[in-house]
Amino acid sequence: MQFLHTMVRIRDIDASLRFYCDLLGLQEVRRKESEKGRFTLIFLAAPEDAERSERLTAPELELTYNWDPEEYDGGRNFGHLAYRVDDIYALCDKLQQAGVTINRPPRDGHMAFVKSPDGISIELLQKGEALPAQEPWASMENSGSW
Ligand SMILES: C[C@@H](O)C(=O)SC[C@H](NC(=O)CC[C@H](N)C(=O)O)C(=O)NCC(=O)O
Ligand code: NI
């Protein structure tokens, strides 16, 4: 078994591609339009994963855009998408300058949470950094028991 993708329904394709691609740095790897189903699927992958998308073996984010507007609320059981980033401070600064909500700033240089245009929570983790000891779960992660 292999993880393939997470699907998120979006309200606005342009706003979502600006956030996920222009700002966050994901790449669009394929797109499917369904006239019959009246929807568009857009598959995104992180740059380090994108080359595996051709073989459909990359972890991807599937954006679903329904042409007929729908209300997307609730879904409290969904938590977040997590990405490992090269420079968490530079990325959060760029996101904030672009008006993106920074729910948890990278004060410790390790972890930040931001919101997509549809309110999806995105966790950003600094590449090469262990979680700060004061985080309750850090001892598990830092000791490799995860
Ligand atoms: C391509 C593959 O990865 C899919 O996930 S297609 C699944 C399919 N999606 C749709 O029909 C998109 C439009 C639909 N109105 C929707 O909003 O989902 C599907 O079965 N979706 C149902 C679901 O619960 O995901
Ligand atoms: Ni899917």
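Order of listing sets the numbers, starting from 1, for every ligand and every atom in it.
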- Rounded to the nearest 0.5 Å, what separation is found between the CG atom of Leu95 and the NZ atom of Lys115?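 Leu95 CG to Lys115 NZ: 14.0 Å, rounded to 0.5 Å.
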- Please report which non-hydrogen protein atom sits nearest to atom 24 (O) of ligand 1, along with the residue it belongs to and the distance in Å to one decimal place.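 Minimum-distance protein heavy atom for atom 24 (O) of ligand 1 reads Arg9 NH2, 3.4 Å.
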- Message: Considering non-hydrogen atoms of the protein only, which is the closest contact for atom 11 (O) of ligand 1, and what is the distance?
- Response: Phe39 CE2, 3.7 Å
- Task: Decide, yes or no, whether a salt bridge links Glu48 with Lys127 under the criterion of side-chain N to carboxylate O below 4.0 Å.
- Result: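 Looking at Lys127 together with Glu48, the answer is yes, because their closest N to O distance falls below 4.0 Å.
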- Distance below 4.0 Å between atom 8 (C) of ligand 1 and any protein heavy atom?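 Under the 4.0 Å cut-off, atom 8 (C) of ligand 1 has no protein heavy-atom neighbours at all.
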- Specify whether the nearest protein heavy atom to atom 19 (C) of ligand 1 is under 4.0 angstrom away.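 So far as the 4.0 Å threshold goes, atom 19 (C) of ligand 1 is out of reach of every protein heavy atom.
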Show which atoms of ligand 1 fall inside a sub-4.0 Å distance from at least one heavy-atom site of [X].
{"X": "His5", "result": "3 (O)"}
{"X": "Met7", "result": "18 (O), 25 (O)"}
{"X": "Thr64", "result": "12 (C), 13 (C), 17 (O)"}

I'd like to know if the side chain of [X] reaches the main chain of [Y], judged simply by a donor and an acceptor atom lying under 3.5 Å from each other, with no hydrogens or angles considered.
{"X": "Arg9", "Y": "Thr64", "answer": "no"}
{"X": "Asp49", "Y": "Glu60", "answer": "no"}
{"X": "Thr101", "Y": "Asn103", "answer": "no"}

- Looking only at non-hydrogen atoms, the one of Leu4, Asp68, Asn66 nearest atom 15 (N) of ligand 1 is Asn66
- Nearest non-hydrogen atom to atom 4 (C) of ligand 1 belongs to which of Lys32, Glu62, Glu60?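 Considering heavy atoms of Lys32, Glu62, Glu60, the nearest to atom 4 (C) of ligand 1 sits in Glu62.
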- With no hydrogens and no angle check, do the side chains of Glu123 and His80 hold a donor and an acceptor under 3.5 Å apart? yes
- If you draw a 6.0 Å radius around CD in Glu35, do more than 12 non-hydrogen atoms from other residues or ligands fall strictly inside? no
- Could you tell me whether Leu41 approaches ligand 1 through its side chain, its backbone, both or neither, with non-hydrogen atoms closer than 4.0 Å?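 Under 4.0 Å from ligand 1, Leu41 contributes side-chain atoms alone.
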